[in-house]
Amino acid sequence: MKNTFTRRELLSHGLAGMSAAWVAAHWPAMLSAAAHARAAAKSSAPPNLEFFSPEQAAEVEAVSARIIPTTDTPGAREAGVVFFIDRALVTFAKANQKLYTDGLSELQARVSEMFPGTEKFSVATPEQQDQVLESLDEQSPASSSRPRRRRGAAESLFETIRVDTISGFLIDPDSDRRGNRDAVGWKVIGRDPAHMFQPPFGYYDKDYPGWQPNPPDPVKTNS
Amino acid sequence: MTIDQPKYKTTDEVDFVIIGSGAAGGILAKELSGNGFRVVVLEQGPYLTEKDFVHDEISVFNENLYTNHPDLQPNTFRKTPDEKAKPQRAVMYGRLVGGTSVHFTANFWRFHEIDFTEVTRFGPAPGAALADWPITYADLEPYYTKVEWEIGVSGQAGASPFDPPRSKPYPMPPLPTKSSGVLFERAARKLGWHPFPAPMAILSQPRPGRSACVNCGFCLGFACEVGAKSSSLASAIRMAEKTGRCEMRPNSYVHRIEMDANGRATGAVYFDKERNVQRQRAKAVIVSANGAETPRLLLLSANKQFPNGLANSSGVVGKHLMFNSSATSYGVFEHPLNDYKGFCVSRVLHDFYELDPDKVGFRGGGGLDARFDATPIGFAFSYLPPGTPGWGKSFKDVLSHNFSRTVEIFCHGTSLPVANNSFSLDPEVKDAWGLPALRMTYKDHPDDIKLCNWQNIRAAQLLDAAGAKKIWSNPVQEQQFSVHLLGTCRMGNDPNTSVINSDHQTHDVKNLFLCDGSSLVTSGRGQPTLTIEALAFRAADRITALAKRGDLSS
């Protein structure tokens with residue numbers, strides 16, 4: 001029996017297979033989920049660029065594809081991260097427009113400087129691309145304590161694309177942010193794209209026998 | 001908004017104007033309107049409902065869909081009073097109908113007896129203005145029970161041997177046990193500790209008009225689209241509206257409480273949505289604007305009689321700010337837990353709630369919980385182990401492996417009340433309405449830091465006993481930001497050292513009441529909301545009694 005469903009599946013497949021008791025218990029929730037799914041379906045237009053030129057978009061996409069590369073699983077390219085960034089720059093991240101425009105020119109200059117004869121980041125080899133990005137990464141690549149979503153003109157374009165790529169890879173695919181296309185980002189990290197779940201949730205709770213009281217007469221622990 | 005509400009005129013003298021619609025304001029509105037009074041609730045944020053709620057992390061965290069916006073209402077921060085404060089986001093709270101209860105984690109621990117009687121029990125704490133409460137746990141117990149039953153709290157009575165006495169079990173069983181909870185429970189028992197099912201203000205069973213939790217996994221920071229989280233929005237406010245005597249007035253940003261020549265509050269002055277100034281008259285004013293905005297409003301309302309701030313003859317308005325200490329440790333396990341499914345917390349332990357200061361070398365105590373409170377983007381930025389590359393194939397590999405396998409142990413604890421830790425008005429920075437910005441002055445008491453480090457050691461021990469393959473703790477740092485905003489208009493019997501009496505009435509102004517996190521005398525051990533709500537139910541009883549006796553009339 002299927003025990004999870006996405007909002008879209010709710011509409012397309014109805015309720016077949018769900019247990020009647022569970023459906024009864026969650027009916028208001030399901031109506032609400034259905035409303036969300038309709039809203040999401042309405043807003044799914046074919047991707048078109050709202051800020052970048054096609055040339056700029058190709059470069060941004062190439063950078064994003066090194067931040068979350070395509071391996072045996074999909075990466076930033078397959079998740080359509082460039083469309084997330086493109087929309088971000090006309091919505092919540094308008095302040096970064098100049099950073100992107102100026103930064104992309106500097107990026108190309110850096111590519112030509114490091115690899116004479118190579119004019120665009122997108123045509124460099126993956127190894128060359130990584131070398132360029134390492135030269136732009138102000139922080140050690142082995143840093144995990146980066147502040148979240150640092151923004152501003154002083155930030156390197158690289159750090160901004162890094163943050164935006166990760167955000168665009170993992171954003172709620174049912175939102176109108178245009179990232180995480182077909183929930184590929186969530187699938188890569190092991191997040192079921194559904195928005196409702198029933199226990200058991202994971203490996204360690206599947207055989208949990210249920211709550212048993214603690215042993216009686218505890219000694220209050222102080223060390 | 002589906003229920004017909006009265007529309008009072010601003011010139012009508014209603015019985016009560018309540019400023020703030022959060023954990024306390026929502027309950028006061030329900031109780032007082034239920035007791036027959038005419039109530040206007042002024043809420044600075046918008047009136048959003050389930051249809052408006054999303055799982056979009058950008059809307060919620062970047063655009064502050066539910067919270068105070070730092071561009072509109074900037075804060076400043078400094079560690080000590082001799083420093084000049086710098087602009088920096090210092091507080092986050094729910095800025096919408098229902099307040100912070102709309103997006104909170106919903107951990108619903110009661111305070112224990114010790115939280116009300118620290119000084120009697122262990123004496124004063126050096127460097128802290130620690131005080132006993134004028135009420136005890138026993139005074140509040142019936143109201144804890146009332147909260148649990150009226151708004152809907154799930155839990156297992158008697159499961160923790162350290163729990164204070166209770167008059168009634170929880171109204172519904174605990175939420176399901178997550179994989180993190182199973183690992184926590186087994187490891188804690190191995191170590192001789194006493195884990196128990198987390199009491200949560202989230203429905204495990206449906207209630208009229210509200211679904212049980214559907215385990216969507218967008219919980220902390222998010223508003224519940226199925227009404228399972230027992231916020232004031234989903235519970236008390238709906239009940240208040242049904243009385244037909246309560247008007248919820250959103251987008252109403254109160255910036256002054258007015259007084260008459262007899263020293264009585266006459267109502268609240270606020271900016272409406274169009275930033276026009278309005279005045280709502282009322283027989284009595286209740287401020288439940290949270291531990292930051294309540295003292296700020298009193299300071300903004302300074303007048304000839306109270307040049308240092310309304311109801312501030314004691315000089316302690318805004319002082320003794322407490323956050324709750326917090327420390328975090330993480331473990332990565334072999335198999336997927338899929339802890340992203342569901343509410344955050346399913347197991348807690350309180351073995352360290354009441355530590356002996358002579359044995360541990362610091363004051364305070366706390367509780368540990370097993371949780372997963374990250375949504376996908378937040379996880380990628382903040383929950384990967386130290387040393388993980390920030391991009392590229394190895395970043396992707398660690399992210400992909402860890403997302404479903406990570407557990408966080410959150411160590412909650414005491415903040416000791418320090419007089420210098422405070423909210424005040426910034427002398428320079430203004431908000432978008434031209435009002436002085438909120439200035440925070442805060443430096444953790446050294447004992448709070450000691451407690452965090454002490455607990456982190458136990459958290460790592462627990463993760464090890466649970467069989468985690470990788471374990472790390474975030475370094476304990478001094479806090480400069482908080483969502484728990486406590487103690488800034490503390491309750492007490494002495495008008496020289498406290499702002500309100502045990503009826504929540506200000507010592508200085510007879511028909512002015514304060515009830516929210518600012519009322520707390522101590523911080524408890526980590527989870528203040530249930531106590532704030534119990535205080536609100538109790539305050540409503542006290543205020544009703546005073547009003548019926550005619551004590552609020554001139």
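In what follows, chains carry the letters A, B, and so on, assigned in the order in which the sequence lines appear, proteins first and then strands, with residues in each chain numbered from 1. The model shown is predicted, which means the values in this text are computed figures rather than measured ones.
Annotation: side chain to side chain contact (heavy atoms under 4.5 Å, CB included) contacts of A:S64 (sequence neighbours excluded): A:E61, A:A76, A:V81, A:T165. Qualifying ring-ring contact (aromatic ring centres under 6.0 Å, His included) partners for B:Y383, counting only residues two or more places apart in sequence or in other chains: B:Y330, B:F379. B:F222 meets the ring-ring contact (aromatic ring centres under 6.0 Å, His included) test with B:F61, B:F218; sequence neighbours excluded.
Heavy atoms of B:F196 lying under 4.5 Å from chain A belong to its backbone as well as its side chain. Looking at B:R186, only its side chain comes within 4.5 Å of chain A, counting heavy atoms on both sides. When heavy atoms are compared at a cutoff of 4.5 Å, A:N180 does not approach chain B at all. Within the 4.5 angstrom heavy-atom criterion, atoms from both the backbone and the side chain of A:R191 approach chain B. When heavy atoms are compared at a cutoff of 4.5 Å, B:S346 does not approach chain A at all. Proximity to chain B (any heavy atom under 4.5 Å) is shown, for A:Q212, by both the backbone and the side chain. Within the 4.5 angstrom heavy-atom criterion, atoms from both the backbone and the side chain of B:P195 approach chain A. Proximity to chain A involves both the backbone and the side chain of B:E334, based on heavy atoms less than 4.5 angstrom apart. Residue contact with chain A, scored on non-hydrogen atoms closer than 4.5 Å, involves the backbone and the side chain of B:K178 alike. Contact of B:R207 with chain A is not made at all, since no heavy-atom distance falls under 4.5 Å.
From A:I171, atom CD1 reaches atom CG of B:D56 across 4.0 Å, with rounding to the nearest 0.5 Å. Annotation: the span from A:W186 atom CH2 to B:Y340 atom OH amounts to 9.5 Å, rounded to 0.5 Å. Taking CE from A:M196 and NZ from B:K341, the interatomic distance works out to 14.0 Å, rounded to the nearest 0.5 Å. To the nearest 0.5 Å, the span separating OH on A:Y203 from NE2 on B:H335 amounts to 3.5 Å. Here A:Y204 contributes atom OH and B:L183 contributes atom CG; the two are 6.0 Å apart, rounded to the nearest 0.5 Å.
Listed options B:P336, B:S404, B:G365 were ranked by heavy-atom pairs under 4.5 angstrom with chain A; first place goes to B:P336. In terms of non-hydrogen atom pairs under 4.5 Å with chain A, the most contact-rich of B:D339, B:L337, B:L399 is B:L337. Of the residues considered (B:S59, B:P174, B:G342, B:S394), B:S59 shows the highest number of contacts with chain A, using heavy-atom pairs under 4.5 Å.
Among the residues in residues 67-74 of chain A, those with a non-hydrogen atom closer than 4.5 angstrom to a non-hydrogen atom of chain B are A:I67, A:I68, A:P69, A:T70, A:T71, A:T73, A:P74.
Closest approach of B:A380 and A:L170 over heavy atoms only: CB-CD1, 3.7 Å. Of all heavy-atom pairs between B:S179 and A:G202, the closest is OG-C, 3.5 Å. Shown here for B:P376 and A:I189, the closest heavy-atom pair between the two residues is CB-CD1, 4.2 Å. Scanning all heavy atoms of the two residues, the minimum distance from A:P199 to B:N215 falls at CD-ND2, 4.1 Å.
Considering only heavy atoms from C-beta on, B:F381 comes within 4.5 Å of A:V163 through its side chain. Between A:S175 and B:E57 there is no side-chain heavy-atom pair separated by less than 4.5 Å. Between A:F158 and B:W391 there is a side-chain heavy-atom pair separated by less than 4.5 Å. Within the 4.5 Å cutoff, the side chain of B:R347 has heavy atoms near those of the A:W211 side chain.
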Apply the test side-chain contact (heavy atoms from CB on, under 4.5 Å) to residues B:K396 and A:V188: give CA-CA distance (whole Å), side-chain angles for both, the deciding distance (0.1 Å), then the verdict. CA-CA 9 Å; B:K396 184 185 176 191; A:V188 165; 3.9 Å; yes

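Within 6.0 Å of NZ in A:K94 there are 12 or fewer heavy atoms belonging to other residues, nucleotides or ligands. Counting non-hydrogen atoms of neighbouring residues, nucleotides and ligands closer than 6.0 angstrom, the NZ atom of A:K98 reaches no more than 12 such neighbours. Heavy atoms from other residues, nucleotides or ligands lying under 6.0 Å from CG of B:D397 number more than 12.
A:N214 contributes a side-chain N or O that, together with a main-chain N or O of B:A159, makes up a donor-acceptor pair within less than 3.5 Å. Side chain of A:R177 to main chain of B:I58: no donor-acceptor pair is present (N/O by atom type, distance under 3.5 Å, no hydrogens or angles).
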